[in-house]
Every structure is written in C-alpha cells, then in structure tokens.
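What you see below is based on every heavy atom in this structure, not just the backbone, and it leaves out hydrogens, waters and symmetry mates.
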Amino acid sequence: MPDTVSKTLFDPTAVFVTEQTTQAAIFQEVADKLVEKQYVKPEFLVNLSEREKNYPTGIDMSVVNPDYPNVAIPHTEGEFVNVRLVVPIKLVHPVEFHNMIDPTDKFDVSFLFMILNNDPDGQANVLAEIMGFLTTTPAEDLENFFGETNRAAIYSFLNTFFTQE
C-alpha cells in the first residue's frame with residue numbers, strides 16, 4: 001500500500017493530461033490508473049461520479065480573473081481513498097461541469113484538481129489550500145500553467161507555487 005507523499009500533495013506519476021471529452025470518460029481514465037497504483041479503492045469511481053452528480057465541484061474562475069479557465073475539484077469520501085494527494089488533470093478539451101455554488105449553473109472546465117484524502121477531517125483543508133493557490137499565484141504564471149500540457153511541467157509548477165499549511 002503506498003504511503004502518503006511527504007512534504008507535497010503531488011505525485012509526478014499522478015499528473016494527467018487527458019484528451020477525453022466527457023466527465024464520465026475523464027473519471028474512468030483517471031480512476032483506472034489510481035486503482036492500479038492502489039491510491040484508491042475499486043469503489044472510488046462509482047462514488048466519485050455519484051458525489052459529483054449530487055454535489056457539483058465546478059468553480060467559476062472569472063470572479064478571480066476573467067482570463068482564467070474554470071476549474072473543478074472533484075472528490076469523494078475518504079473511505080474510498082488510500083492516500084492524501086491532489087491529482088492535477090489538464091483537460092485538452094473543456095468539459096461541462098455544474099457550478100459548486102449554484103448547481104443549476106453549468107460551464108466548461110479546463111482543469112481538475114482531484115482531491116484524494118483518506119483523512120476525513122482534512123478535506124476542507126486541502127480545498128482551502130487549492131483555493132489559496134488559485135487566488136495567490138501570480139496571474140501570468142497561473143495563465144501559463146493552465147495552458148501547459150506537459151505532465152512534468154505541471155508537476156514542477158505545482159511543487160514551486162503550491163504552499164501547504
């Protein structure tokens with residue numbers, strides 16, 4: 001069983017750039033790899049999809065900066081996860097997600113920060129850290145980051161700019 005990555009919430013082998021064009025296909029592709037790595041349990045995909053349907057995670061980034069693409073922060077309960085990690089997923093083709101604040105609203109999303117957290121008390125902390133990263137990283141750097149399709153560059157950027165409490 002893999003242990004939590006020390007000092008960082010990122011694993012260079014769990015950074016994705018996907019060509020998938022639907023939420024279901026993205027979740028399937030990523031979940032299959034995460035199950036293979038034993039980062040999540042086999043029930044992860046079903047629970048992730050169900051939770052996203054009932055509690056959407058799309059975030060309208062235009063309120064932070066109109067030049068930023070929208071993001072989503074999909075996650076599920078810790079009982080389906082074996083590690084504490086954030087899985088960055090660059091979407092080559094934007095995919096529709098429902099808004100976290102107003103679930104009747106939907107918009108295209110271009111980047112996912114999938115939270116894997118086996119600590120039930122820690123979900124809000126990781127979410128707050130992601131929001132901190134999105135609101136405090138210099139705009140030009142973040143715009144370049146959102147355009148990046150190289151997995152190693154995405155990982156390197158996150159390790160440079162993402163600060164943990």
Would a 4.5 Å heavy-atom cut-off, applied to side chains only, mark [X] and [Y] as touching?
X      : Y      : answer
Pro103 : Asn99  : no
Arg84  : Ile115 : no
Lys41  : Val35  : no
Pro56  : Met100 : no
Val30  : Leu112 : no
Val86  : Ile130 : yes
Val95  : Val109 : no
Val92  : Thr18  : no

Return the set of residues passing ring-ring contact (aromatic ring centres under 6.0 Å, His included) with [X] (not counting sequence neighbours), or none when no residue passes.
X      : result
Phe161 : Phe157
Phe27  : none
Phe107 : none

Exercise for the section: Just do the side chain to side chain contact (heavy atoms under 4.5 Å, CB included) check on Leu91 and Ile89 with the steps written out, would you? Expected result: CA-CA 6 Å; Leu91 308 184; Ile89 308 164; 3.8 Å; yes
Between [atom1] on residue [X] and [atom2] on residue [Y], distance to nearest 0.5 Å:
X      : Y      : atom1 : atom2 : value
Glu43  : Leu48  : CD    : CG    : 13.0 Å
Asn65  : Thr137 : CG    : OG1   : 11.5 Å
Glu79  : Asn118 : CD    : CG    : 12.0 Å
Leu127 : Thr57  : CG    : OG1   : 9.5 Å
Asp60  : Asp105 : CG    : CG    : 7.0 Å
Gln23  : Gln28  : CD    : CD    : 13.0 Å

Practice task
Take the angle between the ring planes of Phe145 and Phe113 and call it parallel below 30°, perpendicular above 60°, tilted in between.
Solution key: parallel
Handout entry: Derivation of the side chain to side chain donor-acceptor pair (under 3.5 Å) call for Glu129 and Asn125
Key = CA-CA 6 Å; Glu129 289 170 358; Asn125 291 349; over 6 Å; no
I need the minimum non-hydrogen distance between [X] and [Y], along with the two atoms involved.
X      : Y      : value
Tyr68  : Ala139 : OH-CA, 3.0 Å
Gln20  : Ile26  : CB-CG1, 3.6 Å
Val64  : Leu134 : CG1-O, 3.8 Å
Lys106 : Glu96  : CD-OE1, 3.3 Å
Tyr39  : Ala14  : CE1-CB, 4.2 Å
Lys90  : Phe146 : NZ-O, 2.7 Å

Handout entry: Main-chain N/O of Ala152 paired to Ser156 side chain as donor or acceptor, under 3.5 Å
Key = no
Exercise for the section: Determine, stepwise, if the pair Phe97 / Ile59 fulfils side chain to side chain contact (heavy atoms under 4.5 Å, CB included). Expected result: CA-CA 9 Å; Phe97 273 72; Ile59 297 175; over 6 Å; no
Problem - Hydrophobic cluster identity match, Val17 and Phe111, side-chain contacts under 4.5 Å - result: yes
Exercise for the section: Output all residues satisfying side-chain contact (heavy atoms from CB on, under 4.5 Å) with Pro94, sequence neighbours left out; order by chain, then residue number. Expected result: Asp108, Ser110
Exercise for the section: With sequence neighbours excluded, give me every side-chain hydrogen bond (donor to acceptor under 3.5 Å, both in side chains) pair touching residues 141-152. Expected result: none
Practice task
Compute whether any side-chain donor of one residue and acceptor of the other, for Asp11 and Tyr155, lie under 3.5 angstrom apart.
Solution key: no
Exercise for the section: Please assess Asp67 against Met61 for the test side chain to side chain contact (heavy atoms under 4.5 Å, CB included), listing each intermediate value before the final yes or no. Expected result: CA-CA 8 Å; Asp67 296 330; Met61 290 298 291; over 6 Å; no
Handout entry: Ionic contact status for Glu77 with Arg51, cut-off 4.0 Å
Key = yes
Practice task
For the pair Glu36 and Lys33, find out whether any cationic side-chain nitrogen is under 4.0 Å from an anionic carboxylate oxygen.
Solution key: no
Fill in the blank from the handout: Which of Thr13, Asp32, Asn82 passes side chain to side chain donor-acceptor pair (under 3.5 Å) with Lys37? It is Thr13
Practice task
Begin with the C-alpha distance, continue with both residues' side-chain angles, and end with the deciding distance and a verdict on side chain to side chain contact (heavy atoms under 4.5 Å, CB included) for Val81 and Asn117.
Solution key: CA-CA 6 Å; Val81 177; Asn117 197 346; 5.7 Å; no
Exercise for the section: Sequence neighbours left out, what passes side-chain hydrogen bond (donor to acceptor under 3.5 Å, both in side chains) with Asn47? Give chain and number order. Expected result: none
